Amino acid sequence: MTWIEQLKQQQPILWKNPHVEQVPQTFLLDDHLIDEAEARLERFAPYFEVAFPETKPTKGIIESPITVLTDQTLLKRDDILPVSGSIKARGGIHEVLLLAEQVARAEQLLTDEDYRQFATIRIQKALARHTIIVGSTGNLGLSIGIMSKKLGFQVVVHMSHDAKQWKKDMLRAHGAEVVEHAGDYSVAVRTGRLQAETEPLHHFIDDENSQALFAGYAVAARRLKQQLPTAPTVQNPLIVYVPCGVGGGPGGVIYGLKQQFGAAVKCCMVEPTASPCMLLGMATGKHDQISVQDIGLTNETIADGLAVGRASQFVGRLMEPLLDGILTVTDDMLRNYVRNVWQREQIFLEPSATAGFAGLDMLRERYPTAQHLVWATGGGLVPTAEKCQYFA
């Protein structure tokens, strides 16, 4: 049976990228963009200590810890990443900060380099004349909505039909305007992009093509280097499993990991069997010119953050020489992972955040001397009532 037939039948599979460079050499993004993202997040750290006191233990740096599950199994805890409780906090927040900094500098509102000024009414009033617009299945909208409103921006989040109601409610509670769509992620993004074109002070954050988002995600890999219990080597590599929707978050992380560790890291994305858009795009070479619906799949999954039918061409092309493989996971497997992680570790992860465990199950025995890292991408803001449905 061919891989395309397996996809159509929604069977869990492992697709190995035939174009991956065993010694990574092809890095197509300007390194300065990641340097600038890292520096910008550090410049804003004093502001975060004021605006989000929960960041004081990390001195205003938005970062998550690693939980050691076993001697060779690690869990990257982006589910408890400050501000918005998901991997989207890095990329989404970074681009909002970039826009805030650009406006403040253009209007000569920064009197010095003390970024705590962004908590003042003077700057917030200036930012309130601008509107940030984004299309999202949930977590990117949350990170951008929460951050934008805290700074003073107006914000409009276009959300696909599969976005969770509690995420819409939370955004509205923070003061964001939420526009609900009957269509999927692509419809939400397309509508948001068109709205942003109508006014000069509208700013569209493009999850499919944004280099600023991508660079913000890549910063995580530089910090991970300092968190690992043991430095990976070619003989004892680091194997990383990251859930994938449109591709920006996992792509940025993987890009950064390959830069940091070279041949000592192997990286896999994990997608739902109903929504394997990155696998389909990369394996066919068509990237965003093919959708999962084109092969008869529904793009309907409990992993709302991964319910994307068409992958980012921008990310797919960057990943061609760097990504080792892509795995798919069923909804039933995701439900079991949610329960198992809670029972064993008392850690709640939303279904999409557990997808990496499928990679661990499939590849752990192939790499017995490796460190295996499951990237938990979200779940920190899920309300208690919502959590209970997974244990009924």
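All figures in this text were calculated on a predicted structure; none of them were measured in a lab.
Other residues, nucleotides and ligands contribute over 12 non-hydrogen atoms within 6.0 Å of the CZ atom of R193. Few gaps surround NZ on K387; more than 12 heavy atoms of other groups in view lie less than 6.0 Å from it. Counting heavy atoms of neighbouring residues, nucleotides and ligands inside a 6.0 Å radius, atom CD of Q165 exceeds 12 of them. Other residues, nucleotides and ligands contribute over 12 non-hydrogen atoms within 6.0 Å of the CZ atom of R105. Atom CD of Q108 is surrounded by 12 or fewer heavy atoms from other residues, nucleotides or ligands within 6.0 Å.
Using modelled atom types and a 3.5 Å distance limit, the side chains of T330 and D332 yield no donor-acceptor pair. Judged purely by distance below 3.5 Å, without hydrogens or angles, the side chains of D361 and Y337 pair a donor atom with an acceptor atom. Counting only N and O atoms by type, the side chains of T301 and D331 include a donor and acceptor under 3.5 Å apart. Neither side chain, Q235 nor T369, offers a donor N or O lying under 3.5 Å from an acceptor on the other. At a cut-off of 3.5 Å, with distance as the only test, a side-chain donor of Q117 or T111 sits close to an acceptor on the other residue. No side-chain donor-acceptor contact under 3.5 Å links R310 and Q289. Looking at Q259 and D31, their side chains do bring a donor and an acceptor atom within 3.5 Å of each other. With no hydrogens or angles considered, a side-chain donor-acceptor pair links Y241 and H372 at under 3.5 Å.
F27 does not carry K258 over the face of its six-membered ring by the limits of under 6.0 Å from the centre and within 45° of the normal.
In this structure, D294 and S291 have side chains that are in contact, with non-hydrogen atoms separated by less than 4.5 Å. Taking the side chain as every heavy atom from C-beta outward, E350 and N139 approach each other to under 4.5 Å. Using a 4.5 Å cut-off on side-chain heavy atoms (C-beta onward), L373 and I66 make contact. Looking at L99 and V96, their side chains never come closer than 4.5 Å, going by heavy atoms from C-beta outward. Proximity of P321 to H19: side-chain heavy atoms (C-beta onward) are nowhere separated by under 4.5 Å. With a 4.5 Å cut-off on side-chain heavy atoms, S210 and E95 count as touching. Residues M147 and L151 form a side-chain contact, since some pair of their non-hydrogen atoms from C-beta on lies under 4.5 Å apart. Using a 4.5 Å heavy-atom cutoff, the side chains of V179 and V157 are not in contact.
The two residues G192 and H158 make their nearest non-hydrogen contact at CA-CD2, 3.5 Å. Minimum heavy-atom separation, N299 to S275: OD1-OG, 2.7 Å. Considering every non-hydrogen atom in both V265 and D324, the closest pair reads O-OD2, 4.2 Å. Residues L140 and G92 share a closest heavy-atom pair of CD1-CA, 3.9 Å. Shown here for L334 and P351, the closest heavy-atom pair between the two residues is CD2-O, 3.5 Å. Nearest approach of A221 to L257, heavy atoms of both residues: CB-N, 3.3 Å.
Remark: R129 engages E107 in a salt bridge, criterion side-chain N to carboxylate O under 4.0 Å. Ion pairing between a basic and an acidic side chain is recognised when a charged N comes within 4.0 Å of a carboxylate O; R90 and E38 show no such pairing. Looking at K56 and E49, no side-chain N of the basic residue comes within less than 4.0 Å of a carboxylate O on the acidic one, giving no salt bridge. Salt-bridge annotation for K88 and D78: absent, with no side-chain N of the basic residue lying under 4.0 Å from a carboxylate O of the acidic one. Note on E177 versus R172: no salt bridge recorded, every NZ/NE/NH1/NH2 to OD/OE distance being 4.0 Å or above.
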CA sep, side-chain torsions, deciding dist, call: F314, F214, ring pair (Phe, Tyr, Trp, His ring centres under 6.0 Å)
CA-CA 10 Å; F314 163 67; F214 194 87; 5.5 Å; yes
Taking it one step at a time, do K164 and E180 satisfy salt bridge (Lys or Arg N to Asp or Glu O under 4.0 Å)?
CA-CA 11 Å; K164 299 294 186 184; E180 301 183 48; over 6 Å; no
So F52 and I146, side-chain contact (heavy atoms from CB on, under 4.5 Å) or not? Walk me through it.
CA-CA 11 Å; F52 298 96; I146 292 171; 4.2 Å; yes
Evaluate side chain to side chain donor-acceptor pair (under 3.5 Å) for D114 paired with Y47, printing each intermediate quantity in order.
CA-CA 8 Å; D114 183 355; Y47 164 77; over 6 Å; no
When you look at T67 and E345, which way does the side chain to side chain donor-acceptor pair (under 3.5 Å) test go after all the steps?
CA-CA 10 Å; T67 294; E345 306 294 336; over 6 Å; no
Go through the steps for Q371 and D71 under the test side chain to side chain donor-acceptor pair (under 3.5 Å), then give the verdict.
CA-CA 8 Å; Q371 293 180 86; D71 288 344; over 6 Å; no
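Summarising the geometry, atom OG1 belonging to T137 is positioned 10.5 Å from atom NE2 belonging to H161; distances are rounded to the nearest 0.5 Å. A distance of 11.5 Å separates CG in L238 from CD in Q260, rounded to the nearest 0.5 Å. Separating the CD1 atom in I347 from the CG atom in L69 is a distance of 6.5 Å, to the nearest 0.5 Å. With values rounded to the nearest 0.5 angstrom, T328 atom OG1 is found 5.0 Å from I13 atom CD1. Atom CD of E271 and atom CE of M278 lie 6.5 Å apart (nearest 0.5 Å). Remark: N336 CG to Q343 CD distance equals 9.5 Å, nearest 0.5 Å.
Distance alone, capped at 3.5 Å, places no donor-acceptor pair between the Q195 side chain and the R190 backbone. Of the possible polar contacts, one joining the R339 side chain to the Y390 backbone as a donor-acceptor pair under 3.5 Å is found. Between the side chain of Q72 and the backbone N or O of P368 there is at least one donor-acceptor pair closer than 3.5 Å.
Aromatic rings from Y115 and F48 are positioned such that their centres are separated by 6.0 Å or more.
With respect to M269, the side-chain contact (heavy atoms from CB on, under 4.5 Å) criterion is satisfied by exactly one of N17, I254, V240: I254.
Residues L306 and I326 are members of separate hydrophobic clusters, defined by side-chain heavy-atom contacts under 4.5 angstrom among Ile, Leu, Val, Met, Phe, Trp and Tyr. Both V219 and L28 belong to a common hydrophobic cluster when Ile, Leu, Val, Met, Phe, Trp and Tyr are linked at side-chain heavy-atom distances under 4.5 angstrom.
The aromatic rings of H130 and F153 sit perpendicular to each other, their planes meeting at more than 60°, with 30° as the lower class boundary. Relative orientation of the F44 and F118 rings is tilted, given thresholds of 30° and 60° on the angle between their planes.
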